[in-house]
Novice: 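This is the structure, below, for whatever I ask next.
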Amino acid sequence: MLRNGNLWSYRCGIILTNPFSTYRIKKEESQKQYLNRQEIIRIMGKRLNIPRLASIRDIFIFSCFTGIAYSDICRLRKDQIISDSDKGMYIHLYRTKTNHPAFIPLLPQAKKIASFYIRKGESEYLFPTISNQKSNAYLKELADICHIRKRVTFHTAKHHTISI
């Protein structure tokens with residue numbers, strides 16, 4: 001924003017030189033974190049007596065098997081889960097970031113989680129929602145309990161959809 005203001009001032013003749021003319025932002029390549037098959041299975045199989053961690057685990061695994069971003073999961077309503085005549089289940093939604101329609105078939109693991117949460121609770125939304133920051137803090141706690149030494153976030157799940 002400051003750079004744009006200076007550029008505008010330079011073009012209008014308010015300042016004689018653009019102080020940002022030689023400044024370039026260098027983007028460093030980052031190594032994407034992802035969980036391997038064994039780590040996901042470890043999270044799925046972990047018995048949890050803490051309801052908030054059990055819930056966050058379910059939502060995370062659902063995201064792994066659907067590729068849905070946390071912002072879309074927070075807005076996912078029960079009526080957006082559609083069943084067909086062959087007992088298949090699908091999600092029909094418009095993505096938050098792009099507003100593009102998505103029609104996502106549910107794999108058995110995601111179908112099991114969705115079925116459980118459809119029967120549970122009085123809310124129109126499929127999952128209980130908390131802030132992304134708090135969810136990621138719970139995921140960190142879950143990763144520690146499961147002896148996973150990687151940084152686990154909902155973004156990790158979205159980009160690494162799997163089939164087990």
Novice: Do C74 and Y125 have side chains that approach each other closer than 4.5 Å (heavy atoms only, starting at C-beta)?
Specialist: no

Novice: Taking the side chain as C-beta and beyond, is there a heavy-atom pair between F62 and L126 under 4.5 Å?
Specialist: yes

Novice: Determine whether L35 and F60 make a side-chain contact, defined as any pair of heavy atoms from C-beta on separated by less than 4.5 Å.
Specialist: yes

Novice: State the NZ-OG distance between K111 and S83, to the nearest 0.5 angstrom.
Specialist: 7.0 Å

Novice: Are side-chain heavy atoms of T153 and R151 found at a separation under 4.5 Å?
Specialist: yes

Novice: Under 3.5 Å, which donor-acceptor pairs link side chains of residues 43-53 to any protein atom two or more places apart or in another chain?
Specialist:
{"from": "R52", "atom 1": "NH1", "to": "E141", "atom 2": "OE1", "distance (Å)": "2.9"}
{"from": "R52", "atom 1": "NH2", "to": "E141", "atom 2": "OE1", "distance (Å)": "3.3"}
{"from": "R52", "atom 1": "NH2", "to": "E141", "atom 2": "OE2", "distance (Å)": "3.1"}

Novice: Ignoring hydrogens, what is the shortest heavy-atom contact between V152 and L139? Give both atom names and the distance.
Specialist: O-CB, 3.7 Å

Novice: Check A102 against R95 and note the closest heavy-atom contact, atom names and distance.
Specialist: CB-NE, 3.7 Å

Novice: For the residue pair F103 and Y90, does the interplanar ring angle fall in the parallel (under 30°), tilted (30 to 60°) or perpendicular (over 60°) class?
Specialist: parallel

Novice: Out of curiosity, Q133 CD to Y138 OH, how far, rounded to the nearest 0.5 Å?
Specialist: 11.0 Å

Novice: Side-chain contact test, heavy atoms from C-beta onward, threshold under 4.5 Å: evaluate it for L76 versus I81 and give yes or no.
Specialist: yes

Novice: Can you name the closest pair of heavy atoms from A110 and F65 and give their distance?
Specialist: CB-CB, 4.0 Å

Novice: Check whether any side-chain N or O of R42 sits under 3.5 Å from a backbone N or O of H147 as a donor-acceptor pair, and report yes or no.
Specialist: yes

Novice: Any non-hydrogen side-chain atom of S123 less than 4.5 Å from a side-chain atom of P128?
Specialist: no

Novice: Working to the nearest 0.5 angstrom, can you tell me the gap between F127 CZ and R75 CZ?
Specialist: 15.0 Å

Novice: Please determine whether side-chain contact (heavy atoms from CB on, under 4.5 Å) holds for the pair I40 and C64, giving the CA-CA distance in whole Å, both sets of side-chain angles, and the decisive distance to 0.1 Å.
Specialist: CA-CA 9 Å; I40 297 231; C64 286; 3.6 Å; yes

Novice: Could you check whether any side-chain heavy atom of I113 comes within less than 4.5 Å of a side-chain heavy atom of L106, counting everything from C-beta outward?
Specialist: no

Novice: State plainly whether one hydrophobic cluster holds both F116 and I91, where clusters connect Ile, Leu, Val, Met, Phe, Trp and Tyr through side-chain heavy atoms under 4.5 angstrom apart.
Specialist: yes

Novice: Taking atom types as modelled and ignoring hydrogens, do the side chains of Y70 and S63 form a donor-acceptor contact shorter than 3.5 angstrom?
Specialist: no

Novice: Who are the salt bridge (Lys or Arg N to Asp or Glu O under 4.0 Å) partners of K150, not counting sequence neighbours?
Specialist: E39

Novice: Using modelled atom types only, decide if a donor and an acceptor are shared between the side chain of K112 and the backbone of L107 within a distance under 3.5 Å.
Specialist: no

Novice: Main chain of D86, side chain of D84: is a donor-acceptor contact present, judged purely on distance under 3.5 Å?
Specialist: yes

Novice: Return the CG to CD1 distance between L93 and I68, rounded to the nearest 0.5 Å.
Specialist: 5.5 Å

Novice: Side-chain contact, heavy-atom cut-off 4.5 Å: L16 with Y10?
Specialist: no

Novice: Does N132 use its side chain to pair, donor to acceptor, with the backbone of S71 at less than 3.5 Å?
Specialist: no

Novice: Which one of P108, S115, P105 satisfies the side chain to side chain contact (heavy atoms under 4.5 Å, CB included) criterion with M89?
Specialist: S115

Novice: Return yes if a side-chain donor-acceptor contact under 3.5 Å exists between T96 and D72, otherwise no.
Specialist: yes

Novice: Does CD belonging to E124 count more than 12 external heavy atoms closer than 6.0 Å?
Specialist: yes

